[in-house]
Amino acid sequence: MKVTIFGSGYVGLVTGACLADVGNQVVCVDIDQDKIDRLNGGEIPIFEPGLEAVVARNREAGRLKFTTDVAQAVAHGLFQFIAVGTPPDEDGSADMQYVLSVARSIGQHMEEYRIVIDKSTVPVGTADEVKAEMTRTLAERGAAIDFDVVSNPEFLKEGAAVEDFMRPDRIVVGTDNPRTTELLRLLYEPFNRQQDRLIAMDIRSAELTKYAANAMLATKISFMNELANLAERFGADIEHVRLGIGSDPRIGYHFIYPGAGYGGSCFPKDVKALAHSAHKAGFPALLLDAVEAVNARQKKVLFEKISAHYGGELAGKTVALWGLAFKPNTDDMREASSRELMAALWEAGVTVRAYDPQAAEETRRIFGDRPDLVFCESAMEALEGADCLALVTEWAEFRSPDFDAVKAALKDPVIFDGRNVFDPDFLGRLGIRYYGIGRGNG
Ligand SMILES: NC(=O)c1ccc[n+]([C@@H]2O[C@H](COP(=O)([O-])OP(=O)(O)OC[C@H]3O[C@@H](n4cnc5c(N)ncnc54)[C@H](O)[C@@H]3O)[C@@H](O)[C@H]2O)c1
C-alpha cells in the first residue's frame with residue numbers, strides 16, 4: 001500500500017519505517033530540511049533502539065523515502081498520516097498549528113480520494129477541525145474531492161518504540177465510516193496476526209482514549225510520589241509499600257515507581273492539555289490538576305534534599321549527575337527532571353558534571369556551552385572532583401557501579417538517588433550516605 005507520513009520525529013519516523021518494513025511504499029515528509037537531509041544521508045536524527053537498522057534496510061529496498069516536497073507526498077499515499085508535534089501552548093492547551101497546517105497542505109494538493117489519519121495526540125474534536133480545514137481549502141480551489149478523517153492515536157513508548165509498533169497492545173481506530181475502518185484493518189493486518197488487537201470506535205472516543213491512557217499513567221506516578229513524600233514523613237519505606245500494594249492484582253506492579261517526577265514529550269503536555277479541555281468544557285478536572293501539581297512539586301524534591309544536606313550552603317559545590325534524558329533508552333530531553341534539577345543547582349552556584357549515555361548532544365543543544373555544565377564521557381569520569389552524586393535517569397549501566405570507586409572519587413560520600421535504584425542498607429554498610437525518594441530518611 002502507499003503511505004505518506006507527515007512529520008519525521010519519534011512517532012512519524014518509527015511509523016514510516018515499520019510500515020515500510022512489512023512491504024508498504026512509504027514517503028515521509030517533514031518541513032525540517034536538515035532532518036530530511038540527514039535521513040537521506042543515512043543518519044538517524046534521534047536515538048531509538050533498533051530503529052537505525054529498520055530505516056536502513058527499507059531505504060535500501062526503496063520502500064522508504066524522505067522528502068520536503070509536500071505535493072509529491074500528497075500525490076503518493078492513499079493513507080496520509082499526520083504525525084507532527086502538538087506541543088503545549090502557553091495556557092497548557094495543545095498547539096494545533098502544525099496539525100492544521102498539514103490538513104491545509106493535503107487539501108491544497110490532493111487530486112483524488114485520501115484517508116487522513118491523525119496519529120498525533122490531539123484534543124477531542126480535532127478530526128472535525130481537520131475536516132473543516134480541508135473542506136475550506138478544497139473549496140478555495142473549487143475542488144470537490146472525497147476524503148475521510150480517521151483518529152488513530154499512537155501508544156508507542158520511546159526507548160521501545162519499534163517493538164511497540166511491531167507488536168502493539170492495541171490499535172485504536174476511530175472513524176465515522178466502516179469502509180475506512182476496513183482499509184485501516186488491512187494496513188495494520190501484518191501487526192495484528194496473533195490476535196485481533198484493532199479496537200474500532202467513534203472518532204471522539206479514539207481521541208479521548210489517548211489522553212485517558214497517558215493521564216492514567218501520569219496519575220499512577222503522581223499517586224506514588226505523593227505516597228513517597230508521606231512515607232518519608234511517617235518514617236516508612238515506599239519501596240516496601242510499592243511491593244505490598246503491587247501484589248494486589250487489581251493494582252499490579254506496573255508503573256508504580258516513585259521518583260524525581262515524570263517528564264518526556266507526552267505525560268506533562270497531555271495531562272495539561274486534557275485539563276485545559278476540561279476547563280474549557282466547564283468541568284474543572286480536579287484530579288488532573290492535582291496530578292500535574294504533584295509532579296511539578298516532585299521535580300524539586302531532589303534539589304531540596306541536596307540543599308538540605310549541605311544546610312543550604314551550595315555555592316561552589318560540584319554535583320556529579322548520572323542521567324539527563326527523561327528516561328532510559330532515549331535521548332529525549334523534553335520536560336526531563338534533570339533540567340529542573342540543573343537549573344536549581346546552577347541558580348545556587350553549583351557546577352554540574354553530567355554523564356548520559358545518549359542525551360549529552362541534545363543537552364548541549366538546549367543549554368549551549370556554559371562553565372557550570374561539564375559533559376563527561378563516563379559515569380566514573382563525572383565523579384572526578386565532585387562533592388556528591390545525584391542520579392535522575394535509571395540507565396541500566398548506573399545500577400551496579402563499583403561503589404568503592406564511587407566512594408573514593410567523591411569528596412563527600414553521599415548519593416541522592418532520584419529513581420530508588422540503589423540499596424540504602426548496602427550503601428550504609430559501605431559508609432555512603434544515601435537519600436532516596438520516600439525511603440524514611442528524608
Ligand atoms: N514521542 C512519543 O513517545 C509519542 C508517543 C505517542 C504519541 N506521540 C504524539 O505524536 C506526535 C508527534 O510526536 P513526536 O514525539 O514524534 O514529535 P517530534 O517533535 O519528534 O516530531 C514532529 C515532527 O513534525 C515535523 N513537522 C512539523 N510541522 C510539519 C508539517 N507541516 N509537515 C511536515 N512535518 C512537520 C517537525 O519538523 C518534526 O520533525 C505528538 O502529538 C505526540 O504527542 C508521541
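As the structure lists them, so they are numbered: ligands from 1, and atoms in each ligand from 1.
- Just one of T180, N152, T181 meets the side-chain hydrogen bond (donor to acceptor under 3.5 Å, both in side chains) condition when paired with T175; it is T181.
- Applying the side-chain hydrogen bond (donor to acceptor under 3.5 Å, both in side chains) criterion to T86, with sequence neighbours excluded, gives K269.
- One finds no salt bridge joining R57 and E60 here, because no Lys/Arg side-chain nitrogen approaches an Asp/Glu carboxylate oxygen to under 4.0 Å.
- Legend: ring pair (Phe, Tyr, Trp, His ring centres under 6.0 Å) pairs involving residues 113-167, not counting sequence neighbours, sorted by first then second residue: F165-F191.
- By the side-chain contact (heavy atoms from CB on, under 4.5 Å) test, E239 is found to be paired with D237, R242, P258, N420, R439, residues two or more places apart in sequence or in another chain being considered.
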Starting from the N and O atoms of ligand 1, find every protein N or O within less than 3.5 Å and list the pair with its distance.
from, atom 1, to, atom 2, distance (Å)
ligand 1, 1 (N), E158, OE2, 2.7
ligand 1, 1 (N), S265, OG, 3.3
ligand 1, 3 (O), E158, OE2, 3.3
ligand 1, 15 (O), R334, NH2, 3.0
ligand 1, 16 (O), Y10, N, 3.0
ligand 1, 16 (O), V11, N, 2.8
ligand 1, 19 (O), R334, NH1, 3.4
ligand 1, 20 (O), Y10, N, 3.2
ligand 1, 31 (N), S101, OG, 3.4
ligand 1, 34 (N), G7, N, 3.4
ligand 1, 37 (O), D30, OD1, 2.6
ligand 1, 39 (O), D30, OD1, 3.4
ligand 1, 39 (O), D30, OD2, 2.7
ligand 1, 39 (O), K35, NZ, 2.7
ligand 1, 41 (O), T86, OG1, 2.6
ligand 1, 41 (O), T121, N, 2.9
ligand 1, 43 (O), T121, OG1, 3.3
ligand 1, 43 (O), K269, NZ, 2.5

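- E163 and R167 are joined by a salt bridge, as a carboxylate oxygen and a charged side-chain nitrogen come within less than 4.0 angstrom of each other.
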